[in-house]
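Shown next, in structure tokens, is the structure this report addresses.
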Amino acid sequence: MTTTLITGANKGLGFETARRLVEAGHTVYVGARDADRGRRAADELGARFVRLDVTDDASVEAAAKTLEADGGLDVLINNAGIETRTEDNGVPVAATVTADHMRTTFETNVFGVVRVLHAFLPLLQRSAAPVVVNVSSGLGSLTHLSDPDHPAHFYPGIAYPTSKTAVNMLTVQYAKAFPALRINSVEPGFTRTDLNGNTGTQTVAEGAEIIVRMAQVAPDGPTGGYFDVNGPLPW
């Protein structure tokens, strides 16, 4: 039985990914900051709940101890993420972004990934087929955002794409450091979730497809890569 932990799994892409992996036979832990929402989601999915706030060391360490006591971990999906928004659902642009915007975004999207990896790596290293999926974004591609002919070029925000580029670098560096693990970044696509004020053009089912696929990658599968549903992406 494959045991999978998904951070930020009480709604959106995390919830849909959990649903699909439960159907695939995984024992899924729904990681969520809010205990009530997390338990409700887990109950609805037929999954297990573990309280996990990726911005809090003690919370992450406690979650790791819970999974260790329950038998370990095979797949970690770093899904929890935020995008700071203005009152009219815009994003802070170059003229208005502040260090606080950057710090808040990085605390969840980047430092949270490091915090969770640090706590759960010992469990993953005991697995026969350990997998890490870092949920990134197409906005993390320097190639695409610097290309005037690519749609992503016109995204004006600073904090969110910078954080996802950092996530991609974490993927590269951790994959080199731990070659026995399959560690990859994925781009779900512009999906309707609370993160973007439900302005996305894809359903969560469409967005979760690449996350689910890479969560089930074989031990001889790719590592250190960046993928969307159609294949590898340029960094």
Side-chain angles (χ1 to χ4, degrees), residues 5-9 11-14 17 31-33 52-57 59-60 76-86 89-120 132-147 150-177 183-200 202 207-208 210-211 214 224-228 233-235:
L5 168 66
I6 307 171
T7 66
K11 62 180 181 178
L13 284 170
T17 299
R33 290 180 299 175
L52 197 159
D53 179 350
V54 302
T55 69
D56 181 76
D57 287 333
S59 169
V60 174
L76 169 62
I77 301 176
N78 285 308
N79 168 72
I82 63 168
E83 180 183 38
T84 53
R85 290 263 167 169
T86 60
N89 200 40
V91 294
V93 297
T96 60
V97 70
T98 65
D100 283 342
H101 287 139
M102 299 295 290
R103 188 176 296 109
T104 297
T105 303
F106 267 61
E107 188 62 54
T108 295
N109 294 4
V110 182
F111 306 148
V113 171
V114 175
R115 186 174 285 112
V116 172
L117 279 168
H118 180 74
F120 285 93
V132 176
V133 180
N134 293 326
V135 178
S136 181
S137 168
L139 296 174
S141 170
L142 289 168
T143 301
H144 285 165
L145 266 72
S146 60
D147 177 2
H150 194 279
H153 176 76
F154 299 98
Y155 179 84
I158 304 295
Y160 184 76
T162 305
S163 75
K164 292 304 187 179
T165 302
V167 167
N168 287 347
M169 182 60 79
L170 292 177
T171 293
V172 169
Q173 295 298 85
Y174 275 95
K176 290 191 295 184
I183 305 176
N184 293 288
S185 284
V186 298
E187 141 68 328
F190 190 31
T191 305
R192 287 191 294 277
T193 66
D194 288 349
L195 181 140
N196 55 46
N198 292 296
T199 58
Q202 290 187 153
I210 187 60
I211 308 174
M214 297 310 291
Y226 179 31
F227 301 92
D228 70 4
L233 293 173
W235 299 110

Check: Leu142 main-chain N/O paired with Ser146 side-chain donor or acceptor under 3.5 Å
yes
With sequence neighbours left out, what residues match Thr55 under side chain to side chain donor-acceptor pair (under 3.5 Å)?
Asp53
Gly138 backbone acceptor or donor facing Ser141 side chain under 3.5 Å
no
Any Leu52 side-chain heavy atom under 4.5 Å of Val116 side chain:
yes
What I'd like to find out is whether the side chain of Tyr155 reaches to under 4.5 Å of the side chain of Val91, using heavy atoms alone.
yes
Hey, what do you get for NE2 (His118) to OH (Tyr174), rounding to the nearest 0.5 Å?
8.5 Å
List the atom of Thr165, the atom of Gly140, and the distance in Å for their closest heavy-atom pair.
OG1-O, 2.9 Å
Could you go step by step and tell me if Leu233 and His144 meet the side-chain contact (heavy atoms from CB on, under 4.5 Å) rule?
CA-CA 9 Å; Leu233 293 173; His144 285 165; 4.3 Å; yes
Is the closest side-chain heavy-atom distance between Val172 and Tyr226 below 4.5 Å?
no
Scan side-chain atoms only and decide if Ser185 and Thr171 contain a donor-acceptor pair under the 3.5 Å cut-off.
yes
Checking the side chain of Thr105 only, and the main-chain atoms of Tyr160 only, is there a donor and an acceptor separated by less than 3.5 Å?
no
Taking the side chain from Ser136 and the backbone from Asn168, do they hold a donor-acceptor pair closer than 3.5 Å?
no
Between the side chain of Lys164 and the main-chain N/O of Val135, is any donor-acceptor distance below 3.5 Å?
yes
Donor-acceptor pair, distance only, cut-off 3.5 Å: does the side chain of Asn184 make one with the backbone of Gly225?
yes
Let me see the working for Asp147 and Thr143 under side-chain contact (heavy atoms from CB on, under 4.5 Å), right down to the final yes or no.
CA-CA 6 Å; Asp147 177 2; Thr143 301; 5.7 Å; no
Give the intermediate values and the outcome of side-chain contact (heavy atoms from CB on, under 4.5 Å) for residues Val54 and Arg115.
CA-CA 7 Å; Val54 302; Arg115 186 174 285 112; 5.6 Å; no
Going by heavy atoms in the side chains, are Met102 and Val97 under 4.5 Å from each other?
yes
Would you please name every residue forming a side chain to side chain donor-acceptor pair (under 3.5 Å) with Asp56, sequence neighbours left out?
none
Looking at Val167 and Asn109, what are the two nearest heavy atoms and their distance?
CG2-O, 3.1 Å
Criterion side-chain contact (heavy atoms from CB on, under 4.5 Å) on Val60 and Phe120, from CA distance to verdict
CA-CA 9 Å; Val60 174; Phe120 285 93; 4.2 Å; yes
